[in-house]
Number of protein chains: 2
Amino acid sequence: MAWDTERTKGLLLEAATSEFCTRGLAGARIDRIAAEAGVNKERIYQYFGNKNALFDAVIVAALSTLMDEVPIEGRGPEAMADYAGRLFDHHQKDATAPRLLFWEGLERGTEVVGLPKRMANCASKVNSTIAALPGVSREDAGDLLITIVSLCDAAPVLPALDGLMAGNDPGRAQRRRAAVVRTVYLAAAALAAEAQEPLNAPAATA
Amino acid sequence: MAWDTERTKGLLLEAATSEFCTRGLAGARIDRIAAEAGVNKERIYQYFGNKNALFDAVIVAALSTLMDEVPIEGRGPEAMADYAGRLFDHHQKDATAPRLLFWEGLERGTEVVGLPKRMANCASKVNSTIAALPGVSREDAGDLLITIVSLCDAAPVLPALDGLMAGNDPGRAQRRRAAVVRTVYLAAAALAAEAQEPLNAPAATA
DNA sequence: ATTAATTACAACTACTTAGTTGGAAACTGG
DNA sequence: CCAGTTTCCAACTAAGTAGTTGTAATTAAT
């Protein structure tokens, strides 16, 4: 059996994803990642460089995977609401992506890694949004996507907020999901309507 | 001059707020907090106990201050949209509260400190929301508030998202603000309308 | 003043951390 | 089988880390 370096890299990346997801960049421990992967930690430095570069690799891999796993499908405001619902469900099942996204935002600020690939991913989502809502501007499509991401990704990262606001009743996750879907539908429908009749500009900004 | 222990505590809390805000719980350094406050670090252990307890004190102080600084005023969906706009502006000027909120969510999970006080604060906001939108249920009011917090607090914590989606054009912060305000208005108006005519239930959850 | 408590602080401890190194083991082509 | 390269790993290093302690200064009550 030849040295299966790809497998080792994969094990390391998987363990690192789990560790960074739960503890963040500052809280993650290289030794723990190596131990969980069953690999000597020196491999991390050979394959990825250092802790920061490993974090970068985890971020790029996880967020790019997510983009493929939850596509925008169909047409009209319903399609965007449906997308939001599926994104919400996905994050409810596995909070890796939203947690990594917020870790990155908090610990890295505006410094983004893997820019070209991620910009391409975002542009692709913007294009899908425009396809779903013909006539909507790129700016409005981007804003709608940010709204969707904010609503779907904040929920699993702020698990206590639900309980603080609504008490401990069961089924509040489902109600939260419904609220997100409805809000996104309303926002998308407003953009679509505005795109149809752009002449009577509503004073929405006031 | 007597021992001004309150001043010392205040200096420590201020320095700790800044340190935890930028670096989080795992990334913060006790030595750095003491140095920035111009106080010996042993004082931290006398006054607050340990690093975690200091973090707790910072969280409770910062979030409770915020609740008072940005009140819900007026009636109708416009009032909720206005509240969202002021919250957005507040966080744009000073991202301390949203950053601490997300640090807490990521590093602490569901374990919330200062529960009674914070539940009271949330209940107060829920009551204000119900006052602004008569007939709305506590659950829907809480959901609307979570929507507002998600939209307003995610923006300063994910500063890169804007650029990734919409490019680097200036004024995108203002457009984002307008989008948040409009979205909140639509969500609040829908809840208000539903409260007026509760008999024909729209299939919003489907 | 004297005493007893509190507040301040520098030095210290025990431990953990990211990152390195030197050499052994496993694979490759000849 | 052999030389050269790559992969592996245990032990090591140098620099922090949270938290403690012994002691001196400050205060207020006697």
Side-chain angles (χ1 to χ4, degrees), chain A residues 1-61 100 103-104 106-109 111 113, chain B residues 1-61 100 103-104 106-109 111 113:
Chain A
M1 176 179 84
W3 292 122
D4 196 346
T5 71
E6 285 310 312
R7 197 184 85 99
T8 304
K9 272 193 200 179
L11 288 172
L12 241 18
L13 204 64
E14 193 183 344
T17 301
S18 163
E19 176 77 2
F20 284 129
C21 171
T22 59
R23 318 231 187 196
L25 178 55
R29 295 295 167 248
I30 291 283
D31 290 38
R32 217 154 27 205
I33 293 171
E36 195 184 313
V39 166
N40 193 276
K41 72 170 172 170
E42 175 261 4
R43 291 291 85 202
I44 290 173
Y45 296 95
Q46 282 296 325
Y47 291 147
F48 298 96
N50 59 23
K51 195 186 185 184
N52 280 276
L54 179 59
F55 185 71
D56 294 348
V58 164
I59 291 273
V60 170
L100 287 173
W103 281 123
E104 186 197 24
L106 286 169
E107 305 200 278
R108 283 280 174 76
E111 181 196 338
V113 296
Chain B
M1 176 178 83
W3 293 122
D4 195 345
T5 70
E6 284 310 312
R7 196 183 85 98
T8 304
K9 273 193 200 180
L11 287 172
L12 279 173
L13 205 62
E14 193 182 343
T17 301
S18 163
E19 176 77 2
F20 283 129
C21 171
T22 58
R23 318 228 186 199
L25 178 55
R29 294 295 168 248
I30 292 284
D31 291 41
R32 214 152 35 202
I33 293 171
E36 195 184 312
V39 165
N40 191 277
K41 73 170 172 171
E42 175 261 3
R43 290 291 86 200
I44 290 173
Y45 295 95
Q46 282 296 325
Y47 290 146
F48 299 96
N50 58 23
K51 194 187 186 184
N52 280 278
L54 179 59
F55 185 71
D56 294 347
V58 164
I59 290 272
V60 170
L100 286 174
W103 281 122
E104 187 197 24
L106 286 170
E107 305 199 278
R108 283 279 175 77
E111 183 196 337
V113 296

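Basis for what follows: all heavy atoms, side chains included, without hydrogens, waters or symmetry-related copies. To find a chain, count down the sequence lines: A is the first, B the second, and so on, and within it residues start at 1.
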Any side-chain heavy-atom pair of A/Tyr45 and A/Ile30 under 4.5 Å = yes

Atom-pair distance (CG on A/Leu12; P on D/dC8), nearest Å = 10 Å

Atom-to-atom span, CD1 of B/Ile44 to P of C/dA8 - whole angstrom | 13 Å

Do A/Asp31 and A/Lys41 come close enough that some side-chain heavy atom pair is under 4.5 Å?
-> yes

Collect all protein-nucleotide pairs involving nucleotides 19-21 of chain D in which both atoms are nitrogen or oxygen and the distance is under 3.5 Å.
from   : atom 1 : to      : atom 2 : distance (Å)
D/dG19 : OP2    : B/Tyr45 : OH     : 3.4
D/dG19 : OP2    : B/Lys51 : N      : 3.1
D/dG19 : N7     : B/Lys41 : NZ     : 3.0
D/dG19 : O6     : B/Lys41 : NZ     : 2.6

Remember a base hit wins even if backbone is also touched, and classify A/Arg43 as base, sugar-phosphate or nothing at under 4.0 Å, heavy atoms.
-> base

So how far is it from B/Leu12 CG to B/Ile44 CD1, rounded to the nearest 0.5 Å?
-> 5.0 Å

For the student: nearest non-hydrogen atoms of A/Arg108 and A/Phe55, plus distance = NH2-CD2, 3.6 Å

Which part of the nucleic acid, if any, lies within reach of A/Ala26 when heavy atoms closer than 4.0 Å are counted: base, sugar-phosphate only, or nothing?
-> nothing

Do A/Glu107 side-chain atoms and A/Leu25 backbone N/O form a donor-acceptor pair below 3.5 Å?
-> yes

Touch class at under 4.0 angstrom, heavy-atom based, for A/Ala34 against every strand present | nothing

Starting at CD of A/Glu19 and ending at C1' of C/dA18, how long is that distance when rounded to a whole Å?
-> 14 Å

Kindly say if B/Tyr47 contacts the phosphate of C/dA8, meaning a side-chain N or O under 4.0 Å from OP1 or OP2.
-> yes

Does the side chain of A/Arg29 get closer than 4.0 angstrom to OP1 or OP2 of C/dT17 through an N or O atom?
-> yes

Would you confirm whether A/Glu19, through its side chain, and A/Arg29, through its main-chain N or O, come within 3.5 Å as a donor-acceptor pair?
-> yes

Does the side chain of A/Thr8 get closer than 4.0 angstrom to OP1 or OP2 of D/dT7 through an N or O atom?
-> no

